[in-house]
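Here's the structure we're looking at; comments come further down.
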Amino acid sequence: MKAPAIRFYQTGSFAVGNRLLDPEQRSVQAGEQRTNSITCGHRACQGCGEALGARYALDAAMRATNGQMIAANATGCLEVFSTPYPETSWQIPWIHSLFGNAPAVSTGIAAALRAKGREDVRVVGQGGDGGTVDIGMACLSGMFERNDDVLYICYDNEAYMNTGVQRSGATPPAARTATTQAVGPEPGNVFGQGKSAPLIAMAHEIPYVATATVAELRDLEAKVQTAMEIRGARYLHVLVPCPLGWGSASKDTIRIARLAKESGIFPVFEARDGEVTDVSEIRRQVPVEDYLRPQKRFAHLFKPEPRTEVIARIQAGAERNIRRFGLLPDPKEGS
Amino acid sequence: MLRQVEGSRAVAEAVAFCRPEVICAYPISPQTHIVENLSQLVKTGELAPCEFVNVESEFAAMSVAIGASATGARAYTATASQGLLYMTEALYNASGLGLPIVMTVANRAIGAPINIWNDHSDSMSQRDSGWIQLYAETNQEALDLHIQAFRLAEELSTPVMVCMDGFILTHAVERLEIPTQEQVDGFLPPFQPRQVLDPDEPISIGAMVGPEAFMEVKYLAHAKQMQALELIPEIAADFKDVFGRDSGGLIRCYRAEDAETIVLALGSVLGTIKDTIDELRQEGMKIGAVGITSFRPFPLDAVRGALSHSKRVVMLEKALAVGIGGIVSANVRMALAGIQLHGYTVIAGLGGRSITKASLRDLFTDAAADRLEPLTFLDMDWDVVNRELERMGASRASGPHAENILRDVGPVAAGPV
Ligand SMILES: Cc1ncc(C[n+]2csc(CCOP(=O)(O)OP(=O)(O)O)c2C)c(N)n1
Ligand code: SF4
Ligand SMILES: [Mg+2]
């Protein structure tokens, strides 16, 4: 299914407006036939972006595969909050093995299905940013490189949340975590470190790489749908704010995710075979300050006095993203 | 059919007869020939349907096997040494999840110092990983144990490691009885998983388990291994019915009934031990051997029964538990609780050092006269050790041990291998 061509006035995205769409283009979550892959009763924090993202992504994948799907999970919040028995939240066949091997377990499932001639059953691997960009990177890269028929979804909350908010390779500069504390002359995480897993995925020239946020859940669903229409290794990187780790209000999860995109901090795009093919343009650019301010992990940038040069460096990073991915509409084209 | 064949090739063919559906592999000597042969059998289509996955590490190899096995596929891999350690976390996971994966370990030393030659340090380090461990004495047994291993693993839903001495067995070419596909099919039924990831009947596997149930779940792995104590001999008996050969079982005794001195060991060194025993018997020494095939589960009763009439046991081990001495010995001593018997631990053959008949002769003669220390290092060059200890005493900055010792030993170390 193609992502709908209609862009909604309110958000410039696919976030609202089911009633205006053809039935098959409506949000999976709006339909009674949704799977509730992760059903109620799990123990995520209020406003958890990861729980929200996983629910949308998996239900969309279930619709795309007619319910013929198996999921493999890395250790992390998603696994821990969903499984304490007998209240497992999973209504799909689901396995958790280890922290760093979810892509390889997914490969094994896909290989078994191929050997059994059950290629109608598809595989989704998933994990947090730590499980994906750090400890799972070797397995992930191997899965990409072999072009195994797996969609791997990273729920990026920019730190090791399940162990108490420690820095990962996806933690942004200046962010306070338990291992990059807001103390000393340069509080928070250092500049010039970290990595972009989507760009690493693209370097493998796999058929499909995309990023998304929980601010635009319709876009997330559409990307999952697209991914499931493709065979081979696919990667989806979803920004999922974490109220606990980011020090943000539970009610602000979606707003903060939107600000990440609208400031240029988090580029939302699609790539095929290593080339960017589509970007979600910024609708109304906001300064990074708007994104940083509501999060306590960046509080030291504003108190006791503003660290304007640090904020400027973060702004420069956002501008670089905007240039690199072409996130602002070309002014010549009008609006 | 009898055929002149390399051990690795024979194991590969045996594994192929077992119709694995997913094989994943990462190269490490001396395991490489096994998976190279399997990759060939898959690529030519002789082994089908089967997916051969070239993974990026041993950790991934075991993880792919975990995913495949949980999806109901018969899964196999092979490794050795550093590779086995690299997959340690996944080994415990496979056994904790109760997945009947079969793996060959081509036994090799563990570094540092890096060394590719045979000893049992690798598999011994994983003795408590929850895997059943079977040790092959010969290449024929290695071949046979793989066929038995799949049946054992699947009946109990627990993983099995078949350990065979690296190079000594894996690279030895000898005449072996190669089974037929029909024979193996008659012995090994298709895999019927106890748990399977299936969209039509969704289950969760690998949930978080707290103190309320953890001990019980862990105990089940032990309970299965206790069942294996019964099952391993039964499977060996069935195997004999179908293939006409004695292979496997818990332990194997050699001239042990009336022996006053019993040598206990695992793996291919039993061949040299038996030859030495034959010579000493001719000279009137009452000596025999007990070979342990199943190290996990450890056959306490069988070992106790085999040793109870002897006066002493020499436990010859190809691994060292640094800080205490023997690993096999510690297990054997549990079997001997309440029995009055001299026990001698002998650490031998580390990093591929030859275990010669001449050395064994002297060793057994000393043992029979109760002249052995409780812990002996066979053919250790104490002068070399003492000189390094002296260097350490003389200077705080005495440098790296291995390099100092190699310099001391001189160019022989780089001689023909
Ligand atoms: C090999 C290993 N190392 C460390 C851990 C501890 N650990 C469990 S979950 C976790 C954090 C997970 O972080 P992430 O992948 O970002 O997921 P999140 O909880 O943030 O969603 C860590 C460090 C582990 N379980 N296994
Ligand atoms: S710590 Fe963060 S990621 Fe984990 S459950 Fe809470 S909100 Fe979700
Ligand atoms: Mg995280």
Side-chain angles (χ1 to χ4, degrees), chain A residues 35 37 62 65-73 75 79-118 120-123 125 135-136 138-143 145-146 148 150, chain B residues 19-24 26 42 47-75 77 86-87 89-90 92-94 96-97 99 101 191 193 195-210 212-213 217:
Chain A
T35 330
S37 305
M62 281 293 276
T65 59
N66 281 322
Q68 296 299 300
M69 190 181 94
I70 296 172
N73 217 118
T75 313
E79 167 261 331
V80 170
F81 72 59
S82 62
T83 65
Y85 252 72
E87 305 109 32
T88 181
S89 304
W90 297 101
Q91 308 217 79
I92 55 177
W94 180 93
I95 184 168
H96 160 248
S97 172
L98 294 168
F99 189 23
N101 72 354
V105 173
S106 306
T107 291
I109 297 169
L113 293 168
R114 212 162 41 239
K116 290 177 179 300
R118 286 300 309 271
D120 56 316
V121 181
R122 308 295 297 281
V123 188
I135 200 167
C139 285
L140 187 68
S141 175
M143 187 276 277
E145 162 278 308
R146 291 184 301 266
D148 294 329
V150 172
Chain B
R19 303 185 187 275
E21 292 162 290
V22 175
I23 297 172
C24 33
Y26 191 82
V42 174
L47 171 52
C50 179
E51 293 293 319
F52 188 95
V53 188
N54 280 299
V55 287
E56 71 285 350
S57 73
E58 289 85 357
F59 177 63
M62 188 44 59
S63 302
V64 168
I66 287 169
S69 185
T71 312
R74 188 170 279 166
T77 187
Y86 203 75
M87 62 167 71
E89 194 193 9
Y92 277 76
N93 191 254
L97 294 176
L99 297 172
I101 298 160
F191 177 30
Q195 50 183 346
V196 63
L197 295 166
D198 175 2
D200 295 333
E201 272 180 70
I203 53 166
S204 302
I205 300 178
M208 182 101 181
V209 175
E212 72 284 359
V217 175

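Below, chains carry the letters A, B, ... as their sequence lines are ordered, and counting in each starts from 1.
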At a heavy-atom distance under 4.5 Å, which candidate from [options] has the highest pair count against chain A?
options                     : value
B:V22, B:L97, B:V64         : B:V64
B:D200, B:V209, B:D198      : B:D198
B:M208, B:E21, B:E51, B:R74 : B:E51

With a 4.5 angstrom heavy-atom cut-off, could you sort out which part of [X] is near chain A: side chain, backbone, both or neither?
X      : answer
B:L197 : both
B:V55  : both
B:A60  : both
B:N93  : side chain
B:N54  : backbone
B:A90  : both

Where on [X] is there a heavy atom nearer than 4.5 Å to chain B: the side chain, the backbone, both, or neither?
X      : value
A:R146 : side chain
A:A111 : both
A:I92  : backbone

- Query: Closest approach of B:F59 and A:C139, non-hydrogen atoms and distance?
  - Reply: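 Smallest interatomic distance, heavy atoms only, reads CD2-SG, 3.9 Å.
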
- Measure the CG-CD1 distance between A:N73 and B:I205 for me, rounded to the nearest 0.5 Å.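 The distance works out to 13.0 Å.
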
- Item | Approximate separation, where rounding is to 0.5 Å, of B:I66 CD1 and A:T107 OG1 |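 Reported to 0.5 Å precision, the distance equals 12.5 Å.
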
- Message: Could you tell me if the side chain of B:P199 sits less than 4.5 Å from the side chain of A:M69, heavy atoms only?
- Response: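 Side chain of A:M69 against side chain of B:P199, heavy atoms only: no contact under 4.5 Å found.
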
- Task: Taking the side chain as every heavy atom from C-beta outward, state whether A:W90 and B:P202 have any atom pair closer than 4.5 Å.
- Result: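 A side-chain contact is absent here, since even the closest heavy-atom pair is not under 4.5 Å.
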
- Query: Just wondering, more than 12 heavy atoms not from B:Y86 lying within 6.0 Å of its OH?
  - Reply: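 No, the 6.0 Å shell around OH holds no more than 12 heavy atoms from other groups.
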
- For atom CD of B:E201, is the number of surrounding heavy atoms from other residues, nucleotides or ligands below 6.0 Å larger than 12?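 Counting neighbours around CD of B:E201, 12 or fewer heavy atoms of other residues, nucleotides or ligands fall under 6.0 Å, so no.
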
Pairs of heavy atoms under 4.5 Å with chain B: top-ranked of [options]:
options                      : answer
A:P93, A:G117, A:A112        : A:P93
A:T83, A:L98, A:V121, A:L113 : A:L98
A:G100, A:P84, A:A72, A:S106 : A:G100
A:S141, A:P103, A:S97        : A:S97

- Report the residues that fulfil side-chain hydrogen bond (donor to acceptor under 3.5 Å, both in side chains) with A:Q91, sequence neighbours left out, ordered by chain and then residue number.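 A:Q91 satisfies side-chain hydrogen bond (donor to acceptor under 3.5 Å, both in side chains) with no other residue.
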
- Item | Residues that A:T88 engages under side-chain hydrogen bond (donor to acceptor under 3.5 Å, both in side chains), provided they are two or more places apart |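 side-chain hydrogen bond (donor to acceptor under 3.5 Å, both in side chains) check on A:T88 returns B:S204.
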
- Task: Give a yes or no on whether the backbone of B:G72 and the side-chain of A:K116 come within a donor-acceptor separation of less than 3.5 Å.
- Result: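 Checked: pair present.
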
